[in-house]
Amino acid sequence: MIPLGLLSACGGPSLDETFESIRAPIAAADTVSLTAEVTARYPDRTDSYTLTCSGRKDDWTLTVLAPEEIAGITATISGKESTLAYSGAVLAAGDLTDSGISPIRVLPVVAETLADGYIDSLWTEDGCLTAKLIYDDTVAVTI
């Protein structure tokens, strides 16, 4: 989750104006970089990662920062192709989008949706601007 700690005050900018002032520089950037904790919940386990991500549109580079056992593994995503690299070894990771969004694909989806996703709704929650954005017909992102 990327908290957006901006409020619309009485007589100040609307939620739409505030959100667009945040989105505009992201949409215009040649490269977007972010670091986040990602939790993947499966029926039999929960996995948590800290990832850093840099790129734009269909070209992304991600590096695992935690957990320590896999820290340093780097993934590249170009279109629907992806590879994983560690200590010089490179493995094809396959198509990450046809059957759902894998943990390694979450940050690019969030960045892409934040830059140009359809705004479904905006509100304030716990003093923070919150947005529900539509990525595609099956994925919505709430920030």
Side-chain angles (χ1 to χ4, degrees), residues 1-8 12-143:
M1 178 188 291
I2 302 171
L4 302 175
L6 299 172
L7 279 177
S8 174
S14 69
L15 291 179
D16 287 333
E17 292 168 330
T18 301
F19 181 76
E20 289 303 332
S21 73
I22 295 166
R23 182 205 296 257
I26 296 167
D30 291 332
T31 301
V32 176
S33 297
L34 59 129
T35 300
E37 293 182 18
V38 175
T39 301
R41 291 182 179 88
Y42 302 100
D44 59 339
R45 71 182 196 281
T46 298
D47 296 333
S48 294
Y49 309 92
T50 302
L51 305 172
T52 186
C53 171
S54 181
R56 189 74 180 138
K57 296 287 181 193
D58 288 334
D59 293 310
W60 296 94
T61 300
L62 296 98
T63 302
V64 178
L65 303 177
E68 187 176 328
E69 299 82 25
I70 60 172
I73 292 177
T74 300
T76 58
I77 300 171
S78 183
K80 289 189 175 186
E81 296 298 315
S82 58
T83 59
L84 297 175
Y86 182 73
S87 297
V90 177
L91 302 171
D95 183 352
L96 297 175
T97 58
D98 282 349
S99 62
I101 298 174
S102 70
I104 204 72
R105 185 78 174 110
V106 168
L107 293 185
V109 167
V110 167
E112 292 167 12
T113 305
L114 186 55
D116 60 15
Y118 170 77
I119 300 171
D120 178 74
S121 55
L122 298 168
W123 67 96
T124 57
E125 187 173 306
D126 296 328
C128 295
L129 174 62
T130 305
K132 180 178 179 185
L133 307 169
I134 306 301
Y135 175 71
D136 63 19
D137 289 343
T138 60
V139 177
V141 174
T142 302
I143 300 176

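We count residues from 1, following the sequence as given. Being a predicted model, the structure only gives us computed values, none of them experimental.
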Contact check, side chains of [X] and [Y], non-hydrogen atoms, under 4.5 Å:
{"X": "Ile22", "Y": "Leu129", "result": "yes"}
{"X": "Thr52", "Y": "Ser33", "result": "no"}
{"X": "Trp60", "Y": "Ser54", "result": "no"}
{"X": "Leu62", "Y": "Tyr49", "result": "no"}
{"X": "Thr142", "Y": "Glu125", "result": "no"}
{"X": "Val141", "Y": "Leu114", "result": "no"}
{"X": "Ser14", "Y": "Leu122", "result": "no"}
{"X": "Val64", "Y": "Leu51", "result": "yes"}

side-chain contact (heavy atoms from CB on, under 4.5 Å) partners of Ser121, counting only residues at least two apart: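 Partners of Ser121 under the side-chain contact (heavy atoms from CB on, under 4.5 Å) test: Trp123, Lys132.
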Asp136 and Glu112: CA distance, side-chain angles, deciding distance, side-chain contact (heavy atoms from CB on, under 4.5 Å) verdict: CA-CA 11 Å; Asp136 63 19; Glu112 292 167 12; over 6 Å; no
Option among Asp58, Asp59, Thr61 that satisfies the side chain to side chain donor-acceptor pair (under 3.5 Å) test with Ser78: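 Between Ser78 and the candidates, side chain to side chain donor-acceptor pair (under 3.5 Å) is satisfied uniquely by Asp59.
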Closest contact, heavy atoms only, Thr113 versus Arg23: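 Heavy atoms only, the tightest pair is O-NH1, 4.0 Å.
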Within 6.0 angstrom of Asp44 CG, more than 12 heavy atoms from elsewhere: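 Yes, the 6.0 Å shell around CG holds more than 12 heavy atoms from other groups.
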Inter-residue atom distance Leu133.CG - Ile119.CD1, 0.5 Å rounding: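 Result: 6.5 Å between the selected atoms.
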CD1-CZ distance between Ile26 and Arg56, expressed to the nearest 0.5 angstrom: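 Nearest 0.5 Å value for the CD1-CZ distance: 9.0 Å.
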Sole candidate of Ile70, Ile73, Thr50 that passes side-chain contact (heavy atoms from CB on, under 4.5 Å) when paired with Leu65: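 So, applying the side-chain contact (heavy atoms from CB on, under 4.5 Å) to Leu65 and each of Ile70, Ile73, Thr50, only Thr50 qualifies.
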